Participant: 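Structure below; questions to follow.
Not measured: the values here are computed from a predicted model. Residue numbers begin at 1 in each chain, while the letters A, B, ... track the order of the sequences.
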Amino acid sequence: MAENKKETGKNDAGKEAVLPPKSEFSEWFNSIIDIGQIMDVRYPVKGLYVWYPFGFGIRKRVYNIIRDVMDNSGHEETLFPLLIPETEFMKEADHIKGFEDEVFWVTHGGVTPLDVRLALRPTSETAIYPMYQLWIRSHADLPLKLYQVVNTFRHETKHTRPLIRLREITSFKEAHTVHATWDDAKNQVDEAVGLYTDIYRQLSVPVLISKRPDWDKFPGGDYTIALDTIMPDGKTLQIGTVHHLGTNFAKTYDITYENAEGEQEYANQTCYGISERSIAALISVHGDDKGLVLPPAVAPIQVVVIPVLFKDTTEAVMKACNDVVESLRKTGLRVEMDASDMRPGAKYYKWELKGSCLRIEIGPRDLEKNSAVLVRRDKGEKQFVSLDGIAETVGAELKQMADDLYTTAEEKMNAMIVPCETVEEVVAQIGKGVATLPWCGCEECGMKIEEETNGSILGTPNLETEIKKGKCPGCGKEADQTVYIAKMY
RNA sequence: GGGGCUGUAGGGUAGCUUGGUCCAUCCUGCAAGGCUGGGGGUCUUGCGACCUGAGUUCAAAUCUCAGCAGCCCCA
């Protein structure tokens with residue numbers, strides 16, 4: 001009875017209680033991770049989670065995109081060991097300071113204590129650079145551009161959450177490049193920012209690019225450019241970082257090359273990374289009250305075909321559905337037919353939750369008109385399309401959907417950025433989105449601003465927007481830059 | 001780093017204040033079957049749980065302590 005459902009169910013429509021509204025973002029995110037079958041959070045170690053096959057299917061496609069972008073820009077994939085000897089790890093002082101509080105250590109082999117403890121990599125600089133020291137001899141070896149996709153470990157003390165703050169990052173794509181000059185490395189940083197922007201464009205995720213303030217740069221690096229996106233609750237999520245390492249690590253690990261004049265010089269290096277936060281971003285940016293909305297490029301099921309079955313017409317409808325499935329698969333699409341014995345309505349909800357991009361319904365009424373009902377996941381409106389040439393129709397819709405997702409997301413993001421001039425304005429904006437604020441650039445004012453606004457300075461926009469004149473709220477002096485301020489994940 | 005809260009079937013819950021009514025309630029899920037089928041149908045039958053350990057007690061889901069795990073707030 002409907003009355004019973006209303007009493008016991010969690011939502012008043014009497015529907016099966018499943019997903020909280022996206023306006024309660026934290027709840028929504030936790031639920032979608034679970035019932036969207038992204039990850040199982042029940043693994044009994046804090047901060048470690050299990051990829052469901054469905055979630056892994058998304059991951060696989062996201063990382064295919066990442067690999068393609070890397071491979072097509074002169075990078076080569078490689079693989080370094082998980083364990084790093086303490087002796088190597090401890091060489092770079094600033095780097096250690098940045099990570100030592102959160103390193104997991106392997107201390108025993110069986111019951112025997114190890115002479116040299118082994119770190120589970122929190123990131124791989126100290127694993128890779130000793131080898132670079134051996135590999136790099138002359139300027140002819142440069143530039144060297146390698147990357148790997150690995151798991152890394154950090155003993156996070158803050159609240160862990162799937163995809164966003166993990167003790168085992170399962171999907172860390174890290175690139176490590178070596179160049180002759182500082183400027184060469186700088187150009188590589190700029191290229192990497194472009195590559196990452198491209199990757200996120202393919203995921204229809206808009207990004208903010210900024211140069212992190214000095215106190216927030218990569219430990220041991222010269223400077224850091226970061227990519228952030230704005231989550232639905234107004235907090236920003238850092239979803240990519242690019243670091244210029246200068247010659248800092250080269251000096252530590254003695255990475256030198258012989259230049260054209262026959263002299264040994266220290267190499268300049270960069271490193272940059274993307275993790276499964278990319279997946280957190282794409283889920284959070286596009287999803288809605290009904291569940292996942294996935295860009296066609298990464299949706300495990302791009303098209304679901306749902307037969308509307310009645311006794312007398314079952315055979316004809318099934319045949320028509322099979323024909324459609326076959327013709328779509330021929331064009332390389334990931335298509336599934338749901339011929340289970342759920343009611344059609346229940347199937348619609350199920351596949352909307354799972355983020356299937358397009359739904360095709362075919363019933364007896366459609367067959368009479370040689371047509372089908374087509375529904376795009378992001379729009380939700382039904383349209384009637386001819387069964388003739390349906391593969392072309394579907395292809396065009398998917399393409400349009402990818403573009404629309406980006407446009408919509410970008411508009412939403414831009415609406416969450418508000419230019420501010422005073423601390424008070426920033427305070428009002430923090431929690432709703434990102435504020436911009438003039439800043440003189442000194443650390444003292446930066447700290448003061450962060451404290452008074454209860455936000456974090458993301459950094460200075462990298463790509464040249466118009467520089468707004470204004471006074472730094474910290475010291476009152478004329479500011480020479482504008483910064484993003486927000487609550488960060 | 002500091003503080004608060006929570007842990008009952010796969011998921012969500014009732015029971016806990018006042019120990020015994022509890023071989024633990026309801027919804028959902030899952031399995032089998034019937035009638036069905038264009039936006040979460042319905043009926044029948046079945047499956048499935050007190051986080052772990054120690055303690056108090058004649059008796060613990062219920063009280064105490066510790067561990068583990070999770071959630072929220074503050075820095």
Side-chain angles (χ1 to χ4, degrees), chain A residues 1-20 24-50 52 101-102 155-162 164-167 233 235 289-291 304-318 320-321 338-354 356 359-369 371-377 379-384 430-431 447-448 450-456 487-489:
Chain A
M1 296 296 129
E3 288 78 12
N4 285 342
K5 287 228 166 128
K6 278 188 185 175
E7 281 168 27
T8 54
K10 271 212 158 173
N11 75 37
D12 29 345
K15 289 187 264 179
E16 188 180 327
V18 274
L19 195 64
E24 297 166 27
F25 176 66
S26 190
E27 315 275 314
W28 180 90
F29 185 80
N30 289 337
S31 285
I32 199 84
I33 290 293
D34 176 28
I35 63 181
Q37 299 239 286
I38 308 297
M39 307 197 91
D40 196 326
V41 301
R42 294 172 300 181
Y43 191 77
V45 178
K46 180 182 172 70
L48 312 197
Y49 308 96
V50 180
Y52 280 118
D101 288 343
E102 41 186 51
H155 189 262
E156 294 286 353
T157 52
K158 290 183 180 177
H159 285 142
T160 53
R161 53 193 318 171
I164 290 178
R165 190 178 300 279
L166 308 140
R167 285 190 171 175
D233 59 359
K235 292 196 207 168
D289 284 356
K290 290 179 166 180
V304 63
V305 177
I306 297 184
V308 183
L309 300 173
F310 296 82
K311 260 185 195 152
D312 333 342
T313 49
T314 296
E315 207 172 309
V317 168
M318 284 300 287
C321 286
D338 187 348
S340 67
D341 62 0
M342 278 190 286
R343 307 277 286 226
K347 293 179 187 177
Y348 304 160
Y349 282 104
K350 171 184 168 180
W351 289 102
E352 279 162 354
L353 175 68
K354 298 206 111 179
S356 164
R359 179 175 81 236
I360 296 173
E361 307 164 22
I362 301 177
R365 293 212 297 269
D366 305 299
L367 277 192
E368 284 167 20
K369 294 177 289 181
S371 72
V373 177
L374 184 69
V375 184
R376 227 171 82 178
R377 175 62 182 87
K379 300 257 193 234
E381 289 161 13
K382 295 191 176 193
Q383 51 174 310
F384 297 91
I430 291 276
M447 291 298 172
K448 194 169 155 195
E450 288 197 341
E451 193 168 325
E452 288 176 5
T453 60
N454 203 15
S456 300
K487 284 220 180 199
M488 296 171 80
Y489 265 96

Participant: In Å and rounded to the nearest 0.5 Å, what is the CD1 to CG distance from A:Ile362 to A:Leu309?
Facilitator: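 Rounded to the nearest 0.5 Å, the CD1-CG separation comes to 11.0 Å.
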Participant: Roughly how many Å apart are B:A31 and B:C50, using the C1' atom of each and rounding to a whole number?
Facilitator: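 Between the two C1' atoms, the distance is 25 Å.
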Participant: Determine the interatomic distance between C1' on B:A61 and the same-named atom on B:C23; round to the nearest Å.
Facilitator: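 Nearest-Å result for B:A61 against B:C23 at atom C1': 14 Å.
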Participant: Rounded to whole Å, how long is the line connecting atom CG of A:Asp40 with atom C1' of B:A69?
Facilitator: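 Rounding to the nearest Å, CG of A:Asp40 and C1' of B:A69 are 14 Å apart.
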Participant: Using modelled atom types and a 3.5 Å cut-off, is there a donor and acceptor pairing between side-chain atoms of A:Asp366 and backbone atoms of A:Gly363?
Facilitator: yes
Participant: Could you pick out which residue, A:Thr157 or A:Gly345, lies toward the 5' side of RNA chain B when each is mapped onto its nearest nucleotide?
Facilitator: A:Thr157
Participant: Using the P atom in both, what is the distance from B:A32 to B:C71, to the nearest Å?
Facilitator: 35 Å
Participant: Roughly how far apart, to the nearest Å, are B:A60 and B:C51 at atom P?
Facilitator: 15 Å
Participant: Give a yes/no answer on whether the side chain of A:Lys347 brings an N or O atom under 4.0 Å of OP1 or OP2 in B:G39.
Facilitator: no
Participant: I need the single residue from A:Thr314, A:Val317, A:Thr313 that forms a side-chain contact (heavy atoms from CB on, under 4.5 Å) with A:Pro307. Which is it?
Facilitator: A:Val317
Participant: Nearest 0.5 Å please: distance from the CG atom of A:Leu367 over to the SG atom of A:Cys321.
Facilitator: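 Answer for the CG-SG pair, A:Leu367 versus A:Cys321, is 7.5 Å.
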Participant: Got a second to check how far A:Ile306's CD1 is from A:Ser356's OG, nearest 0.5 Å?
Facilitator: 8.0 Å
Participant: Among B:G38, B:G40, B:C71, which nucleotide sits nearest the side chain of A:His159?
Facilitator: B:C71
Participant: Under 3.5 Å, side chain of A:Lys347 to main-chain N/O of A:Ser340, donor-acceptor pair present?
Facilitator: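 Checking the backbone N and O of A:Ser340 against the side chain of A:Lys347, a donor-acceptor pair under 3.5 Å is found.
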Participant: With a 3.5 Å limit on both atom pairs, tell me what B:C68 is paired to, counting Watson-Crick and G-U wobble, or say none.
Facilitator: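 The answer is B:G7, by the H-bond criterion.
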Participant: Just call it for A:Arg161: base, sugar-phosphate, or nothing, with non-hydrogen atoms closer than 4.0 Å on any strand.
Facilitator: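 A:Arg161: no heavy atom of the nucleic acid under 4.0 Å.
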Participant: Take atom CE of A:Met488 and atom C1' of B:A75, then tell me their distance rounded to the nearest Å.
Facilitator: 17 Å
Participant: Using the C1' atom on both, measure B:G10 against B:C47 and round to a whole Å.
Facilitator: 12 Å
Participant: Between A:Asp366 and A:Arg167, name the one whose nearest nucleotide on RNA chain B is closer to the 5' end.
Facilitator: A:Asp366
Participant: A:Tyr348 and side chain to side chain donor-acceptor pair (under 3.5 Å): which single residue from A:Arg343, A:Arg359, A:Glu361, A:Lys290 fits?
Facilitator: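 Passing option: A:Glu361.
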Participant: Supply the atom-to-atom distance A:Lys379 NZ to A:Leu374 CG, rounded to the nearest 0.5 angstrom.
Facilitator: 13.0 Å
Participant: Taking atom P in both B:G53 and B:G15, what distance in whole Å separates the two?
Facilitator: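 My reading of the P atoms in B:G53 and B:G15 gives 26 Å.
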Participant: Please name the nucleotide paired to B:U57 by Watson-Crick or G-U wobble geometry with both distances under 3.5 Å, or report none.
Facilitator: none
Participant: I want to check something: taking the side chain as every heavy atom from C-beta on, are A:Ile35 and A:Leu19 in contact at a cut-off of under 4.5 Å?
Facilitator: yes
Participant: Given B:C71, is OP1 or OP2 found less than 4.0 Å from the side-chain N or O atoms of A:Ser26?
Facilitator: no
Participant: Suppose we define a pair by two distances each less than 3.5 Å, Watson-Crick or G-U wobble; what does B:G1 pair with here?
Facilitator: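 Because both required distances fall under 3.5 Å, B:G1 counts as paired with B:C74.
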Participant: Which nucleotide, if any, forms a Watson-Crick or G-U wobble pair with B:U13, using both distances under 3.5 Å?
Facilitator: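 Base partner found: none.
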Participant: Using both distances under 3.5 Å as the test, list the Watson-Crick or G-U wobble partner of B:C35, or none.
Facilitator: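 With both distances under 3.5 Å, B:C35 matches B:G41.
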Participant: Please list, for nucleotides 8-11 of chain B, all pairs of protein and nucleotide N/O atoms separated by less than 3.5 Å.
Facilitator:
residue: B:G10; atom: O3'; partner: A:Arg42; partner atom: NH1; Å: 2.6
residue: B:G10; atom: O2'; partner: A:Arg42; partner atom: NH1; Å: 2.9

Participant: Taking a pair as Watson-Crick or G-U wobble with both distances under 3.5 Å, which nucleotide is matched to B:G19?
Facilitator: none
Participant: Which nucleotide, if any, forms a Watson-Crick or G-U wobble pair with B:C30, using both distances under 3.5 Å?
Facilitator: B:G46
Participant: Has the side chain of A:Glu352 got a donor or acceptor that lies under 3.5 Å from a partner of the other kind on the base of B:G40?
Facilitator: no
Participant: Give the nucleotide from the list B:G40, B:A69, B:G38 with an atom nearest to the side chain of A:Val308.
Facilitator: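 Of B:G40, B:A69, B:G38, B:G38 is nearest to the side chain of A:Val308.
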Participant: Give one of base, sugar-phosphate or nothing for A:Val41, where a contact means two heavy atoms less than 4.0 Å apart.
Facilitator: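 No contact at all - A:Val41 keeps every heavy atom at 4.0 Å or more from the nucleic acid.
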Participant: Below 3.5 Å between N/O atoms, which protein atoms pair up with nucleotides 46-52 of chain B? Just atom names and distances, please.
Facilitator:
none

Participant: Rounding to a whole Å, what distance do you find between A:Leu309:CG and B:C35:C1'?
Facilitator: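 Computing the A:Leu309:CG to B:C35:C1' distance gives 16 Å.
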Participant: Over how many whole Å does the gap from A:Met342 atom CE to B:G37 atom C1' extend?
Facilitator: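 Distance check: A:Met342 CE to B:G37 C1' gives 13 Å.
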Participant: Mind calculating the distance between NZ (A:Lys158) and P (B:C73) to the nearest angstrom?
Facilitator: 14 Å
Participant: Look at the aromatic rings of A:Phe25 and A:Trp28 and report parallel, tilted or perpendicular, splitting at 30° and 60°.
Facilitator: parallel
Participant: Please give, in whole Å, the distance from B:C35 P to A:Asp341 CG?
Facilitator: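 It is 13 Å, rounded to the nearest whole Å.
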Participant: Quick one: A:Asn30 CG to B:C72 C1', roughly how many Å, whole number?
Facilitator: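 The answer, rounded to whole Å, is 12 Å.
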Participant: Under 4.0 angstrom, heavy atoms only, what part of the nucleic acid is A:Gly47 near: base, sugar-phosphate, or nothing?
Facilitator: sugar-phosphate
Participant: Flag as yes if A:Tyr348 stacks onto the base of B:G39 (centroids under 5.5 Å, planes under 30°), otherwise no.
Facilitator: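 So A:Tyr348 does not count as stacking on the base.
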Participant: Taking the same atom, P, in B:C74 and in B:A14, what whole-Å distance lies between them?
Facilitator: 26 Å
Participant: Given the P atoms of B:G12 and B:G33, what is the spacing between them in whole Å?
Facilitator: 30 Å
Participant: Once rounded to the nearest 0.5 Å, what's the spacing between atom CZ of A:Arg165 and atom NZ of A:Lys158?
Facilitator: 5.5 Å
Participant: Is A:Lys311 atom NZ crowded by more than 12 heavy atoms from other residues, nucleotides or ligands, each under 6.0 Å away?
Facilitator: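 No, not enclosed.
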Participant: For the side chain of A:Asn454, starting at C-beta, report the closest nucleotide among B:A75, B:G37, B:G70.
Facilitator: B:A75
Participant: Roughly how many Å is it from CD in A:Glu381 to P in B:G39, rounded to a whole number?
Facilitator: 17 Å
Participant: For a quick test of reading the model: is some side-chain N or O of A:Arg343 closer than 4.0 Å to OP1 or OP2 of B:G38?
Facilitator: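 Checking B:G38 against A:Arg343, a side-chain N or O does come within under 4.0 Å of OP1 or OP2.
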Participant: Working to the nearest 0.5 angstrom, can you tell me the gap between A:Ile164 CD1 and A:Phe29 CZ?
Facilitator: 4.0 Å
